[in-house]
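Quantities reported herein were computed from a predicted structural model and do not represent experimental measurements. All chains are named by letter (A, B, ...) in the order of the sequence lines, taking the proteins before the strands, and each is independently numbered beginning at 1.
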Amino acid sequence: MNLFDDFQRRLAAILARLTVEGRLPDGLDAGKVVVEPPRDPSHGDLATNAAMVLSKDAKMNPRALADLLVAELDKEPGVTEVSVAGPGFINVRLDPSLFAGVLRAALRQGETFGHSDRGKGIKVNVEYVSANPTGPMHVGHGRGAVFGDALANLLEAAGYDVTREYYINDAGAQVDVLARSAHLRYREALGETIAIPEGLYPGDYLKPVGAALAKEVGNALIDKPEAEWLPLVRDTAISMMMDMIRTDLAQLNIRHEVFFSERSLQKPTDIIATTIADLTARDLVYVGRLAPPKGAPIEDWEDREQTLFRSTAYGDDVDRPLLKSDGSYTYFASDIAYHADKYNRGSSVLIDVLGADHGGYVKRMKAAVAAVTGGRGELDCKLCQLVRLLRNGEPVKMSKRAGDFVTLREVVDEVGSDAVRFMMLFRKNDATLDFDLAKVIEQSKDNAVFYVQYAHARGQSVKRQALAAFPDLDLASATLADADLARLTDPAEQDILRRISQFPRIVDAAAQAHEPHRIAFYLYELASDLHALWNKGKEAPHLRFVMENDRELTTSRMALVQGVAGVIAVGLALLGVSAPDEMR
RNA sequence: GCACCCGUAGCUCAGCUGGAUAGAGCGUUGCCCUCCGAAGGCAAAGGUCAGAGGUUCGAAUCCUCUCGGGUGCGCCA
């Protein structure tokens, strides 16, 4: 139930009809036409730019074309007034019953209101978090985690078939460093006094790994050469780190369907080799020399022949190496094979949620996906900017225990999952985020999480009051959907109906743009509407939700309140935030 | 040197993929409330959308350049 889509279709039908009738030329592209709410509500309920964008192709001046369309739109059911404004805007005013109809739909559809089949089941792979399995997650990881999860929710709501995936970087040198660090903790667990040299991971979180190893194998690994103990220690450590990360994620109610191991790209079969062979056969891999980067001089630069992927053929600035000097694969080589694999598993749309420090990586990855899918796969990289942790405006000190960063778990333990999730989504992903630990648990209007959740709770509270006044009132959504909504005549009530009718459009646009923050901002506005109406009831008793002398009006208003609460609940669910029945 | 992201009110940020007179919160100022419809309300002031060109009916939004901030720049992941 999307009024704006509905009118877009109606307009397309009108254009088609006028074309058939010969009153408009062939070849008009109705796809350029936008139907949207006017910025200024006094202009009407819907506005379209149809006359302006089509005037050139129609070989008519915009006003004349607008007049033609106005005559047709005027015949449409539910349209009460159509006018032309400015350079050729067509403003449409609708019968209030149409907005009431959206409220009824919202009440009937409940938790699926705003959902659509726009994605038509297209398979989308969202890869997010993908933190190295070498330690606990920090707050920056948390932002990507929350963003990716909300985006996945959003895409599912828009009718896409979403796979939530985590790429475990368990193949690089960093996991060997992890193993060495864990081995030290193992010796420590056996009673040795250890010192952790520079370059290894110092965090206490590896102590349990050492203890677990000691318990499992006793001192069997203590005098062996590194080559013999490293694989076992590494696998144990990775496994325990992943358990820890999964626990951290579960605390934020984030679960991935696929955990993909980087090492599995080489064992048991080497997919990286076949991917490179495939690219080589297509002349996209060659052996050549690379000029050293201009800016920061590299001390040990060695000019040498290397195996390069021709990413410049797909818009990258320079070709990229696939093999290190020791012959092993670069991270990029693995990643090409990995993305090829995601595509081959059926996802034609790939989304990578990355930290902002990966910005330089995007071009080459897009080039790789284009090459490896023959241009049929689409990759969108969403870069999440840094999070600055504050407490009352002051930067938060790092925790030594975890190894010089604030862990995600510490933050979630302190302020809760809802506050973390909402605040991380109450900002565009590419803007840096100030996260104030004191502010986000404050019960005031300054705190957006509280404000939105409170609107939902207030809605429930109002319903409880209505039941106190009319104990036999049926407040089930299905019943409220049949209420007499014509009694919602106050402008503030009408505004809320309009706001609700925009929700499906917001969900759709947010999903298309891969921008979950739009939902958060919409909810803030909707909450604000409800609070404002409530406050009006203080000065103007005839606007109170519960009218003790008027059962019918109370019922109508309960429909409105339940509609708002329901939309807030749906929106918060998309963000992965709870919608409480009361604030405590 | 190059690439990517960002630059909107004093501050923190929105701005619905190019629409009409650029919005909100905080802060400031002024009224009201502080008799549980509690976790405040109403209103005002505040802008060269970093700057300059360009594209077109129309630009905060798209293109080019300049300035300013951030990030990254074989064999790290």
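Residue A/Gln385 is out of contact with every strand shown, counting any heavy-atom pair closer than 4.0 Å. Using a 4.0 Å heavy-atom criterion, one finds that A/Thr432 contacts the sugar-phosphate atoms exclusively.
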Identify each donor-acceptor pair in which a side-chain atom of residues 52-59 of chain A lies under 3.5 Å from a protein atom, sequence neighbours left out, and give them as a table.
| residue | atom | partner | partner atom | Å |
| --- | --- | --- | --- | --- |
| A/Ser55 | OG | A/Met52 | O | 3.4 |
| A/Asp57 | OD2 | A/Lys32 | NZ | 3.3 |

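Using a 4.0 Å cut-off between charged nitrogen and carboxylate oxygen, A/Arg289 and A/Glu305 count as a salt-bridge pair. Between A/Asp436 and A/Arg391 there is no salt bridge, since no side-chain N of the basic residue sits under 4.0 Å from a carboxylate O of the acidic one. One finds no salt bridge joining A/Asp5 and A/Arg505 here, because no Lys/Arg side-chain nitrogen approaches an Asp/Glu carboxylate oxygen to under 4.0 Å. Ion pair A/Lys342/A/Glu127 flagged as a salt bridge, since at least one NZ, NE, NH1 or NH2 atom sits closer than 4.0 Å to an Asp/Glu carboxylate oxygen. Under a 4.0 Å N-O distance rule, the pair A/Arg118/A/Asp508 qualifies as a salt bridge. Ion pairing of A/Glu515 with A/Arg518 is present here, as a side-chain N (NZ or NE/NH1/NH2) and a carboxylate O approach within less than 4.0 Å.
Helical stems in RNA chain B, defined as runs of 3 or more consecutive Watson-Crick or G-U wobble pairs with both donor-acceptor distances under 3.5 Å, are listed by first residue as B:1-5 with B:69-73, B:10-13 with B:23-26, B:28-32 with B:40-44, B:50-54 with B:62-66.
Going from atom CE of A/Met365 over to atom C1' of B/rA77 covers 13 Å, rounded to whole Å. To the nearest angstrom, P of B/rA77 lies 8 Å from CD of A/Glu262. Here the P atom of nucleotide B/rC75 and the CZ atom of A/Phe309 are 16 Å apart, to the nearest Å. For the pair A/Lys366 NZ and B/rC4 C1', the interatomic distance rounds to 11 Å; values are reported in whole Å. Rounded to a whole Å, the CZ atom of A/Phe332 is 14 Å from the C1' atom of B/rC73. Atoms CD (A/Glu305) and C1' (B/rG74) sit 14 Å apart, rounded to a whole Å. Atom NE2 in A/His531 sits about 12 Å away from atom C1' in B/rG40, given to the nearest Å. Whole-Å rounding puts the A/Lys382 NZ to B/rC6 C1' distance at 15 Å.
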Under 3.5 Å, which N/O atoms of the protein pair with N/O atoms of nucleotides 34-38 of chain B?
| residue | atom | partner | partner atom | Å |
| --- | --- | --- | --- | --- |
| B/rG37 | N2 | A/Trp534 | O | 2.6 |
| B/rA38 | OP2 | A/Lys538 | NZ | 3.0 |

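Under the salt bridge (charged side-chain N to carboxylate O under 4.0 Å, His left out) criterion, A/Asp341 pairs with A/Arg345, sequence neighbours left out. In this structure, the side-chain contact (heavy atoms from CB on, under 4.5 Å) partners of A/Lys366, at least two apart in sequence or on a different chain, are A/Val362, A/Leu379.
Spacing of P atoms, B/rG47 relative to B/rA9, comes out at 10 Å, to the nearest Å. Taking the P atom of each, B/rG15 and B/rG23 are spaced 15 Å apart, rounded to whole Å. Using P as the reference atom, B/rU71 and B/rC26 are 32 Å apart when rounded to the nearest Å. Distance check on atom P: B/rA45 versus B/rU8 gives 23 Å, rounded to whole Å. B/rA59 and B/rG18 have their P atoms separated by 14 Å, given to the nearest Å. Going from the C1' atom of B/rU55 to that of B/rG74 covers 40 Å, rounded to whole Å. Rounded to whole Å, the separation between the P atoms of B/rC13 and B/rC6 comes to 14 Å. When the P atom is compared between B/rC49 and B/rU61, the two are found 10 Å apart, to the nearest whole Å.
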Can you give one letter per nucleotide of nucleotides 14-29 of chain B, going 5' to 3': B for a protein heavy atom under 4.0 Å from the base, S for sugar-phosphate only, - for none? SSBB-BB----SS---
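Under a 3.5 Å cut-off, the side chain of A/Asn61 and the backbone N or O of A/Arg63 do form a donor-acceptor pair. A donor-acceptor pair is defined here as one N or O able to donate and one able to accept, closer than 3.5 Å; no such pair exists between the side chain of A/Asp45 and the backbone of A/Arg93.
Taking the side chain of A/Lys324 as heavy atoms from C-beta on, and the options B/rU12, B/rU71, B/rC75, the nearest nucleotide is B/rC75.
Between A/Glu539 and A/Ser328, the one whose closest nucleotide on RNA chain B sits nearer the 5' end is A/Glu539. Residue-to-nucleotide proximity on RNA chain B shows that, of A/Asn132 and A/Pro292, the 5′-proximal contact is made by A/Pro292.
Here the CD atom belonging to A/Glu525 is positioned 12.0 Å from the CG atom belonging to A/Asp495, to the nearest 0.5 angstrom.
Using cut-offs of 30° and 60° on the angle between ring planes, the pair A/Tyr451 and A/His531 is tilted.
OP1 or OP2 of B/rC57 sits under 4.0 Å from a side-chain N or O of A/Lys56.
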